[in-house]
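Below is one structure, written out as structure tokens; comments come after it.
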Amino acid sequence: MEIKDVKLFLDSCHAAKRIVELMPKLPKGLTPRHIHVIEAIWQISQEYGTVKVSDVSLFLRVTRPSVTKLINELASLDIVRKLPDPVDHRSTLVELTSLGQKYYDFYVDQYHNWLAGQCSDIDPEHFRITADTLFHVFEILSMQKMEVPENE
């Protein structure tokens, strides 16, 4: 691979980050990462009924401590409710509150539908290839870290 291709790829990653930042203004205290957690909780609940913190961590492919921090922040804003798991007392269940469902409806469902309409002239295969490439590069780089040289 040529350096110019790597540069183009990294530039497109920066553009992707800016695209996420273009989503509608979020309420005070919320970030796009919080919306991602809200979406994960909703999707998991639709498929399995109950949602554990560990389920969200696996779904998002991030560490449990980082998900726990985000869920605690969402709970403090009354967006999610934390409940003890009646079966496994070591686990915590989470569910969206009515406010969390409202945020899901607008910032995920309505926004994704609006975005799909805005991008309707783009071949869906291009979206899939782009996503596959980003996930693949992330997996590669997650396994291999470049060593930082020591200062002499």
Side-chain angles (χ1 to χ4, degrees), residues 6-143 145-146:
V6 172
K7 182 178 178 352
L8 177 63
F9 177 78
L10 290 175
D11 288 346
S12 69
C13 289
H14 289 291
K17 183 176 186 281
R18 288 193 306 265
I19 289 169
V20 170
E21 293 167 351
L22 289 173
M23 71 186 305
K25 183 171 171 43
L26 295 170
K28 185 175 177 161
L30 285 187
T31 66
R33 291 188 71 198
H34 289 117
I35 300 301
H36 208 198
V37 171
I38 290 168
E39 179 183 8
I41 292 169
W42 188 88
Q43 286 188 350
I44 296 165
S45 70
Q46 295 304 297
E47 189 167 340
Y48 300 105
T50 59
V51 182
K52 294 180 182 179
V53 173
S54 57
D55 298 332
V56 177
S57 174
L58 289 170
F59 186 88
L60 296 176
R61 300 179 193 166
V62 295
T63 64
R64 197 174 306 175
S66 64
V67 166
T68 299
K69 179 180 182 288
L70 291 166
I71 287 174
N72 286 340
E73 291 168 357
L74 290 169
S76 72
L77 296 169
D78 196 35
I79 295 167
V80 301
R81 186 175 302 110
K82 294 170 47 176
L83 309 160
D85 186 336
V87 177
D88 181 357
H89 299 292
R90 297 169 297 158
S91 295
T92 300
L93 300 178
V94 291
E95 63 184 17
L96 296 178
T97 62
S98 59
L99 181 59
Q101 183 62 49
K102 177 181 168 187
Y103 288 162
Y104 171 83
D105 291 341
F106 181 75
Y107 291 103
V108 178
D109 190 45
Q110 289 180 37
Y111 180 63
H112 287 184
N113 280 298
W114 176 83
L115 191 55
Q118 298 303 304
C119 298
S120 62
D121 62 337
I122 300 173
D123 184 343
E125 185 62 17
H126 288 127
F127 275 93
R128 287 189 284 279
I129 290 169
T130 301
D132 288 345
T133 302
L134 288 168
F135 286 129
H136 190 96
V137 171
F138 181 78
E139 285 177 20
I140 291 169
L141 296 180
S142 294
M143 301 294 190
K145 301 259 182 186
M146 184 174 166

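- The side chain to side chain donor-acceptor pair (under 3.5 Å) test applied to Glu47 returns no partner, not counting sequence neighbours.
- Taking CZ of Phe9 as the reference point, atom CG of Leu134 lies at 5.0 Å (rounded to 0.5 Å).
- Atom NE2 of His14 and atom CD1 of Ile19 lie 13.0 Å apart (nearest 0.5 Å).
- Looking at every heavy atom in both residues, Asp121 comes nearest to Gln118 through OD1-O, 4.2 Å.
- No side-chain donor-acceptor contact under 3.5 Å links Thr92 to the backbone of Leu83.
- Ring planes of Tyr103 and Tyr107: perpendicular class, angle over 60° (limits at 30 and 60°).
- In this structure, Phe135 places its CZ atom where only 12 or fewer heavy-atom neighbours from other residues, nucleotides or ligands lie under 6.0 Å away.
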Full working for side chain to side chain contact (heavy atoms under 4.5 Å, CB included) between Leu30 and Ile79: CA-CA 10 Å; Leu30 285 187; Ile79 295 167; 3.6 Å; yes
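- Defined by atom type and a distance below 3.5 Å, a donor-acceptor pair is missing between the side-chain atoms of His136 and Thr133.
- Here the straight-line distance linking atom NE2 of His126 with atom SG of Cys119 works out to 13.0 Å at 0.5 Å rounding.
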Asp55/Ile41 under side chain to side chain contact (heavy atoms under 4.5 Å, CB included): CA gap, chis, key distance, verdict: CA-CA 9 Å; Asp55 298 332; Ile41 292 169; over 6 Å; no
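- Closest of all the heavy-atom pairs between Leu26 and Thr31 is CD1-C, 3.4 Å.
- A heavy-atom distance below 4.5 Å is not found between the side chains of His89 and Pro84.
- The distance from the NE2 atom of His36 to the CD1 atom of Ile38 is 11.5 Å, given to the nearest 0.5 Å.
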Working for side chain to side chain contact (heavy atoms under 4.5 Å, CB included), residues Lys82 and Asn72: CA-CA 8 Å; Lys82 294 170 47 176; Asn72 286 340; 2.5 Å; yes
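- The shortest distance between side-chain heavy atoms of Val37 and Phe59 does not fall below 4.5 Å.
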Stepwise salt bridge (charged side-chain N to carboxylate O under 4.0 Å, His left out) test for Arg18 and Glu21: CA-CA 5 Å; Arg18 288 193 306 265; Glu21 293 167 351; over 6 Å; no
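- Nearest heavy atoms, Ala40 versus Val56: CB-CG1, 4.2 Å.
- A salt bridge links Lys7 with Asp11: the distance from a Lys NZ or Arg NE/NH1/NH2 to an Asp or Glu carboxylate oxygen falls below 4.0 Å.
- Atom CD1 of Ile44 is separated from atom CD of Glu95 by 13.5 Å, given to the nearest 0.5 angstrom.
- Considering all non-hydrogen atoms of both residues, Val87 and Asp85 come closest at N-OD1, 2.8 Å.
- Rounding to the nearest 0.5 Å places NZ of Lys17 at 11.0 Å from CG of Leu22.
- At a threshold of 4.5 Å between non-hydrogen side-chain atoms, the residues Arg33 and Ser66 count as touching.
- Remark: the backbone N or O of Asp78 is paired with a side-chain donor or acceptor of Thr97 at under 3.5 angstrom.
- Few gaps surround OH on Tyr111; more than 12 heavy atoms of other groups in view lie less than 6.0 Å from it.
- Across every non-hydrogen atom of Pro86 and Leu93, the tightest pair is CD-CD1, 3.9 Å.
- Taking every heavy atom of both residues into account, Gly29 and Leu77 meet most closely at O-CD1, 4.0 Å.
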Glu139/Met143 under side chain to side chain contact (heavy atoms under 4.5 Å, CB included): CA gap, chis, key distance, verdict: CA-CA 6 Å; Glu139 285 177 20; Met143 301 294 190; 5.7 Å; no
